[in-house]
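Inspection log for the structure reproduced underneath, given as structure tokens.
Keep in mind that what you see is a predicted model, and the values were worked out from it rather than measured.
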4 protein chains.
Amino acid sequence: MQGKKMIKVGIVGGTGYTGVELLRLLATHPHAQLQAVTSRKEDGMPIADMYPSLRGRVSLAFSAPEKARLTDCDVVFFATPHGVAMAQTPELLQAGVKVIDLAADFRLQDTPVFEQWYKMPHSCPELLKEAVYGLPELNRAAIKDARIIGNPGCYPTTMQLGLAPLLKADAVDASHLIADCKSGVSGGGRKTEIGMLFSEASDNFKAYGVSGHRHSPETLEQLGKLTDKKVGLLFTPHLVPMIRGMHSTIYARLTKDIDNAALQALFEDAYKDEPFVDVMPFGSHPETRSTRASNMLRIALHRPDNGDTVVVLVVQDNLVKGSAGQAVQCMNLMFGLEETTGLLHVPVMP
Amino acid sequence: MQGKKMIKVGIVGGTGYTGVELLRLLATHPHAQLQAVTSRKEDGMPIADMYPSLRGRVSLAFSAPEKARLTDCDVVFFATPHGVAMAQTPELLQAGVKVIDLAADFRLQDTPVFEQWYKMPHSCPELLKEAVYGLPELNRAAIKDARIIGNPGCYPTTMQLGLAPLLKADAVDASHLIADCKSGVSGGGRKTEIGMLFSEASDNFKAYGVSGHRHSPETLEQLGKLTDKKVGLLFTPHLVPMIRGMHSTIYARLTKDIDNAALQALFEDAYKDEPFVDVMPFGSHPETRSTRASNMLRIALHRPDNGDTVVVLVVQDNLVKGSAGQAVQCMNLMFGLEETTGLLHVPVMP
Amino acid sequence: MQGKKMIKVGIVGGTGYTGVELLRLLATHPHAQLQAVTSRKEDGMPIADMYPSLRGRVSLAFSAPEKARLTDCDVVFFATPHGVAMAQTPELLQAGVKVIDLAADFRLQDTPVFEQWYKMPHSCPELLKEAVYGLPELNRAAIKDARIIGNPGCYPTTMQLGLAPLLKADAVDASHLIADCKSGVSGGGRKTEIGMLFSEASDNFKAYGVSGHRHSPETLEQLGKLTDKKVGLLFTPHLVPMIRGMHSTIYARLTKDIDNAALQALFEDAYKDEPFVDVMPFGSHPETRSTRASNMLRIALHRPDNGDTVVVLVVQDNLVKGSAGQAVQCMNLMFGLEETTGLLHVPVMP
Amino acid sequence: MQGKKMIKVGIVGGTGYTGVELLRLLATHPHAQLQAVTSRKEDGMPIADMYPSLRGRVSLAFSAPEKARLTDCDVVFFATPHGVAMAQTPELLQAGVKVIDLAADFRLQDTPVFEQWYKMPHSCPELLKEAVYGLPELNRAAIKDARIIGNPGCYPTTMQLGLAPLLKADAVDASHLIADCKSGVSGGGRKTEIGMLFSEASDNFKAYGVSGHRHSPETLEQLGKLTDKKVGLLFTPHLVPMIRGMHSTIYARLTKDIDNAALQALFEDAYKDEPFVDVMPFGSHPETRSTRASNMLRIALHRPDNGDTVVVLVVQDNLVKGSAGQAVQCMNLMFGLEETTGLLHVPVMP
């Protein structure tokens with residue numbers, strides 16, 4: 001791609017947290033040109049009126065979908081509730097527009113599983129087949145050629161990148177993996193639910209969805225591609241009183257006689273060319289804030305008491321590598337840009 | 001004990017968080033009479049000058065140890081760094097004073113293990129043998145007759161109460177237990193360490209001590225008493241940006257064919273007469289704030305996908321049931337009081 | 001009142017924060033017996049299911065208003081939106097039930113002012129005349145004999161107690177008072193508004209309602225009773241990322257030649273017998289947490305550069321002295337109990 | 001300046017919050033080349049080991065001052081305690097190096113006032129005379145030619161930019177200004193003080209230094225240049241439980257008959273060409289988070305009850321526009337770069 005070509009970008013659903021994070025990232029992306037951000041409810045309202053952080057940086061107003069002329073875009077991001085993207089994707093594809101869905105419409109190749117977990121029929125199962133799972137570190141080649149991206153869930157990103165080297169090397173018991181995951185509150189979206197209120201979520205910690213969470217089937221489906229063993233995963237999400245950040249503590253039982261240096265080498269080799277995966281020294285304790293507002297994901301390995309269980313710690317910013325940043329990373333790949341373009345923010349610390 | 005008899009109480013080390021929490025609880029305890037709170041550094045300073053929350057409620061000043069006449073007390077609490085209690089306990093016992101140590105000096109019966117983890121020789125190993133582990137729900141009879149209490153660590157309290165019914169029933173694989181635990185920042189004490197600063201710990205989440213933590217040997221020693229199997233425990237502590245509260249997520253693989261109702265019954269039966277252990281309905285998600293500033297500990301069971309792993313969620317206030325409240329509960333038992341005396345605070349919510 | 005007589009208590013609207021705080025306080029009040037807590041929406045739901053902090057402590061279920069038999073109570077608290085209490089009060093009074101309204105229906109004696117600020121007609125203006133403003137420190141005698149209490153707003157409590165000694169002594173320019181006030185988020189109630197979300201209110205600070213706030217007219221009306229000068233008050237509320245707590249920084253220009261000791265004496269004399277007002281040493285900096293979960297309000301005076309402006313710092317827990325605690329304090333007075341009954345919680349620190 | 005010329009930058013004291021914020025900003029500054037970051041204590045330690053957020057982005061190690069060869073730099077930033085910069089500045093100037101001090105050594109032109117407030121003699125009062133106060137919006141021309149910059153304090157930045165248009169227009173009573181200011185905890189630095197601990201500062205609010213704060217004399221000195229009236233300022237700082245962010249609520253009594261549109265125009269005109277000052281619509285409530293991690297400062301005006309007092313609300317990120325960002329803005333001016341170079345971060349929201 002030539003240095004100066006601009007990608008015309010549309011966003012459907014720019015009022016939530018993944019939407020405003022996309023706007024933050026795209027506002028300084030040297031090859032992105034925002035064309036339209038849709039919101040039926042806020043039609044005509046300047047985006048910066050809702051998000052004063054964007055005053056002087058984003059001059060667009062929200063527009064109702066029918067005015068937005070999304071078919072003129074090069075790419076459309078869906079930062080919407082599940083079910084919206086699949087309704088609009090066929091028309092966009094026909095107009096030659098690429099689609100990146102930050103929700104779940106195109107994450108699960110298995111339609112019945114999708115319908116079971118999301119309680120809605122899938123309106124375009126044939127496009128689901130075509131869709132590419134947008135985790136560049138495990139799926140880069142396919143993303144480059146994709147027309148439709150199912151952008152990974154935030155939890156699944158950490159679980160897959162934390163487990164991939166172990167599963168590929170057939171080093172652990174794939175049938176009894178445990179991922180004890182903790183997320184900042186923004187992961188729940190900008191929804192007026194009681195549990196998301198400051199006075200409920202602050203100075204508090206809890207698990208939720210322990211008996212079953214939508215990010216399980218997606219993770220199982222993807223992990224299954226990395227091994228020929230049957231994958232069993234116990235995934236326990238928790239809510240942390242912080243805005244951004246995700247920490248996954250992953251437990252896997254080793255099935256091979258492997259020393260710590262070799263374990264560490266598995267990860268360092270797997271990610272040595274990855275600009276957004278940082279394998280820290282063995283025994284490190286990564287902090288979520290070391291990735292705040294950036295597209296970095298960091299991993300560290302432990303092996304308590306030199307026993308048979310490896311503990312993998314993974315951190316990321318759930319709104320960036322866990323969502324909007326990963327989507328922009330996919331866009332860069334799809335349009336032949338340097339993968340890191342517009343994504344080299346230094347994490348905000350403190 | 002007669003209704004009006006007052007217990008003369010001394011506190012060594014009242015300037016930290018467990019110390020001030022003891023003061024909060026004892027200030028309204030109907031049978032406790034504060035005699036002395038020692039602090040060499042703050043000798044003469046009214047306690048309420050350091051902790052204005054106690055203005056009008058605690059009129060004592062800190063006193064240097066040599067002035068404090070602790071041997072006139074009925075009981076002395078040590079809310080001190082490890083190593084202080086064992087130095088002073090022999091003299092106190094000789095004077096007929098009972099000792100409750102909130103630090104680790106009397107928690108580990110195994111002296112070499114103590115010395116390995118706390119990097120100091122134990123000065124009175126024979127008293128260590130006599131000392132009673134102060135977890136009333138598992139050790140009530142011994143506590144009643146004890147002269148020395150080793151008050152449990154905060155994490156170990158949750159792990160033991162969360163695992164005891166399973167181990168006693170021989171229902172799980174004791175050799176591969178996992179406890180993924182999360183604590184509020186006050187658990188680290190009132191210490192000026194960089195990592196405890198607001199700007200470091202806030203809006204952040206991290207694991208620490210993954211390769212080994214002092215609460216492991218204590219927990220292993222106690223769990224070992226509940227089963228004749230060899231106990232293996234992988235314990236991973238994390239730091240949560242909240243002041244108080246502890247949440248342990250415990251994973252154990254079932255070795256018995258047992259249905260969920262029977263699992264739940266194990267816990268309900270075990271704790272049916274316990275005033276401070278609340279077994280919630282199967283599948284609940286207890287929140288740490290539901291115990292805030294109270295001596296309650298709550299437990300809930302899950303069995304994801306009806307599989308072979310039971311997940312036990314345990315919450316408590318780390319400074320109350322995890323420390324000062326448990327110590328007062330022990331005191332009540334040791335002096336023949338109703339066990340709940342002075343401990344029936346309703347959790348503060350929101 | 002005899003030691004054993006129990007007051008039968010009803011609560012209308014027990015699902016919000018002031019409601020659950022009333023429940024926390026009344027659950028351990030030795031003379032209160034909860035009869036009914038109404039909620040049409042949650043009819044039949046055990047209160048402890050909504051608020052697990054009350055498990056084992058409150059066994060009542062919510063009941064629909066028509067089943068609640070509030071007329072059998074001795075007193076009914078309204079922890080409802082504005083407008084509810086005035087609709088039900090006439091019937092309750094007729095049945096001999098006393099009413100304490102935690103909302104604004106009975107705070108403003110001036111009906112037109114009420115109607116202007118609350119955008120609704122007042123349905124019983126004659127009862128408004130009878131209602132007593134429930135600030136015991138300034139209105140104790142009237143409260144004892146009252147049938148209807150308009151419980152003060154949280155901000156007004158701090159402003160009145162912070163200014164009363166100065167206005168009574170005619171020591172400051174009453175026409176240009178400034179109160180720069182800061183509140184924890186729970187003051188906004190348990191409402192699903194975007195601005196109350198954790199991800200919006202956390203790690204953030206803002207003013208709101210600077211051009212006019214409902215607590216102004218109430219405060220002006222009450223302050224006007226303390227002086228024959230015209231009162232002018234500039235009140236600026238702000239939102240602090242904390243759950244509970246309120247801090248008012250009050251500026252008043254001195255009109256008298258008065259030294260700091262005399263200033264301090266004004267406050268110490270005014271509140272010397274008050275169990276819930278703590279005048280700290282001159283030049284102190286009270287922290288909100290020194291009142292957390294207690295009915296204490298603390299005041300400290302400053303006089304920067306020994307100039308002509310006195311700065312009064314006032315802190316309280318907005319849900320206790322600022323709301324539910326004050327209401328219980330009024331109840332104690334109305335039923336001839338010791339004023340501090342059930343209200344001697346030690347503030348929770350840290 | 002030509003597009004490719006790189007400025008060689010040294011930082012003295014890179015271990016604190018202003019130091020690491022400088023590193024964050026300079027790591028992506030297209031014309032800055034980090035040469036040395038000094039720390040005697042951490043000599044040889046890779047900076048990214050202390051601040052993992054910089055892994056992969058800053059490869060330098062800390063170096064002891066004597067190894068750092070700061071005299072080879074084009075500019076040296078001092079992010080040190082007060083007193084360090086003045087000791088090293090003479091030698092640097094002699095070597096042709098420009099100096100930007102983020103502490104107070106070069107803020108106060110009045111040496112006796114400096115010595116009174118900072119309790120140390122000033123070692124180079126003649127350089128103090130030469131030093132330029134680094135607030136570009138009020139002092140741009142002088143900054144361009146300066147060799148030494150005294151970078152403004154965080155509070156003074158908000159007070160000056162919030163008051164300048166009013167004082168220049170002689171519209172308010174300069175003798176009785178009130179600034180009620182609130183700061184995030186990072187403003188106190190990365191110091192292990194008890195009051196800065198998470199468990200002390202979280203869920204809490206307090207004023208501090210009400211009787212006198214070092215930022216007063218600096219502000220008075222600068223405000224005095226904007227008016228020929230005597231300036232009197234009552235400045236009250238408060239601590240907010242948030243990491244970054246500052247909110248100043250400023251009260252000034254109008255002395256002119258001026259309507260709100262004219263008031264607003266005063267500010268809009270004053271700042272119409274300023275890239276980092278955003279005058280919001282009259283009556284807005286700016287939130288600190290709308291500037292988080294960016295160099296923006298936002299202002300909004302209010303006039304409650306249309307009375308004689310104007311309320312100015314000012315927000316900024318205390319570590320960026322309030323410190324490191326402003327310093328880089330000065331550097332850009334001193335080296336003939338576009339003023340916004342490397343400073344166009346979009347605020348991080350949520």
Straight-line distance of A/Glu287 CD to D/Tyr51 OH, nearest 0.5 Å = 11.0 Å
Contacting moiety of A/Met280, where chain D heavy atoms sit under 4.5 Å | both
What are the two closest non-hydrogen atoms of D/Met349 and A/Glu21, and how far apart are they?
-> O-OE1, 4.1 Å
Among D/Ser284, D/Pro286, D/Ser290, D/Pro347, which residue meets the side-chain contact (heavy atoms from CB on, under 4.5 Å) test with A/Pro52?
-> D/Ser290
Check whether D/Arg298 gets within reach of chain A through its side chain, its backbone, both or neither, counting any heavy atom under 4.5 Å.
-> side chain
Which bit of A/Arg55 comes within less than 4.5 Å of chain D, counting heavy atoms only: side chain, backbone, both or neither?
-> both
Without swapping roles, check the side chain of D/Arg57 against the backbone of A/Leu344 for a donor-acceptor pair under 3.5 Å.
-> yes
Please step through side chain to side chain contact (heavy atoms under 4.5 Å, CB included) for the pair D/Val346 and A/Thr28, ending with a clear verdict.
-> CA-CA 8 Å; D/Val346 181; A/Thr28 56; 3.7 Å; yes
Toward chain D, the part of A/Arg292 with a non-hydrogen atom under 4.5 Å | side chain
Walk me through it: do D/His345 and A/Val348 pass the test side chain to side chain contact (heavy atoms under 4.5 Å, CB included)?
-> CA-CA 11 Å; D/His345 308 79; A/Val348 175; over 6 Å; no
Indicate the atoms forming the closest heavy-atom contact of D/Ile243 with A/Pro350, along with that distance.
-> CG2-C, 3.7 Å
Where does A/Arg24 contact chain D at under 4.5 Å (heavy atoms): side chain, backbone, both or neither?
-> both
